[in-house]
Amino acid sequence: MTKLYWVSFIILYDGADFPSVCALTGACLSIEEAKEKILYQRKNYTVLSAWIDTYTETEGKEKETVFHECYLTPLGEVKKPEE
């Protein structure tokens with residue numbers, strides 16, 4: 001069975017008072033594709049953190065976070081993606 005990767009973010013939208021959690025509704029077929037989705041969001045929005053989850057094939061469908069990055073510096077500045 002194909003493994004699916006689900007992408008989620010914490011985003012600060014322009015003009016918003018506080019960040020929001022955003023999860024993409026479609027799954028990716030590879031972790032590389034999921035990371036491309038993160039890069040796209042980082043180039044278009046202020047992304048504070050992003051992660052990629054997958055689920056086990058067992059009956060319990062346990063979630064496993066396979067990638068996580070925080071884009072805040074220790075001083076609270078947001079790291080921008082490299083061009």
Side-chain angles (χ1 to χ4, degrees):
M1 180 144 198
T2 303
K3 192 175 230 183
L4 299 176
Y5 298 88
W6 301 89
V7 182
S8 301
F9 311 90
I10 298 176
I11 294 179
L12 182 60
Y13 292 104
D14 291 338
D17 292 333
F18 50 87
S20 300
V21 175
C22 174
L24 298 183
T25 56
C28 298
L29 297 177
S30 70
I31 196 164
E32 291 80 14
E33 179 187 358
K35 286 180 180 182
E36 287 175 15
K37 302 275 184 184
I38 292 172
L39 184 57
Y40 175 83
Q41 294 294 324
R42 289 187 66 212
K43 287 182 178 179
N44 291 288
Y45 300 99
T46 303
V47 176
L48 306 179
S49 182
W51 60 96
I52 302 169
D53 295 324
T54 191
Y55 293 85
T56 62
E57 298 296 324
T58 62
E59 186 177 319
K61 297 278 186 185
E62 292 183 30
K63 179 179 82 164
E64 178 185 4
T65 301
V66 294
F67 176 84
H68 176 261
E69 279 191 339
C70 179
Y71 304 110
L72 290 173
T73 68
L75 299 176
E77 299 167 329
V78 178
K79 295 183 225 172
K80 297 295 180 185
E82 296 179 16
E83 300 296 323

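Not measured: the values here are computed from a predicted model.
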**OP:** Identify the heavy atoms of Ala34 and Val7 that sit nearest to each other, and give their distance.
**Re:** CB-CG2, 3.6 Å
Original post:
Can you find a pair of side-chain heavy atoms, one from Ile38 and one from Trp51, that are under 4.5 Å apart?
Top reply: no
**OP:** Kindly indicate whether the side chain of Tyr5, heavy atoms from C-beta on, has any atom under 4.5 Å from the side chain of Glu33.
**Re:** no
Subject >> OG1-OH distance between Thr46 and Tyr71, expressed to the nearest 0.5 angstrom >> reply: 13.0 Å
**OP:** Flag yes if Phe67 and Phe9 sit in one hydrophobic cluster, no otherwise; membership is Ile, Leu, Val, Met, Phe, Trp, Tyr, and two members link when side-chain heavy atoms are under 4.5 Å apart.
**Re:** yes
**OP:** May I ask you to test the Leu72-Val78 pair for a side-chain heavy-atom distance under 4.5 Å?
**Re:** yes
Original post:
Should Glu64 and Asp53 count as side-chain neighbours, where that means a heavy-atom distance under 4.5 Å?
Top reply: no
Original post:
Looking at Val66 and Ile31, what are the two nearest heavy atoms and their distance?
Top reply: CG2-CD1, 3.8 Å
Original post:
Got Trp6 and Leu24 here, is their nearest side-chain heavy-atom distance under 4.5 Å?
Top reply: no
Subject >> Spatial distance of atom CD1 (Ile11) from atom SG (Cys22) [nearest 0.5 Å] >> reply: 4.5 Å
**OP:** Indicate yes or no: at least one non-hydrogen side-chain atom of Tyr13 is less than 4.5 angstrom from one of Tyr45.
**Re:** yes
Original post:
Are the side chain of Thr73 and the backbone N or O of Leu75 linked by a donor-acceptor pair below 3.5 Å?
Top reply: yes
Original post:
When rounded to the nearest 0.5 angstrom, what distance separates CD1 in Ile52 from SG in Cys28?
Top reply: 7.5 Å
**OP:** Return yes if some donor-acceptor pair links the side-chain N/O of Ser49 with the main-chain N/O of Glu69 below 3.5 Å, else return no.
**Re:** yes
**OP:** Enter the distance from Arg42:CZ to Lys80:NZ here, rounded to the nearest 0.5 Å.
**Re:** 8.5 Å
**OP:** Rounded to the nearest 0.5 Å, what's the gap from OG on Ser8 to NZ on Lys37? Could you check?
**Re:** 13.5 Å
Subject >> Student check: side-chain heavy atoms of Ile10 and Ser20 closer than 4.5 Å >> reply: no
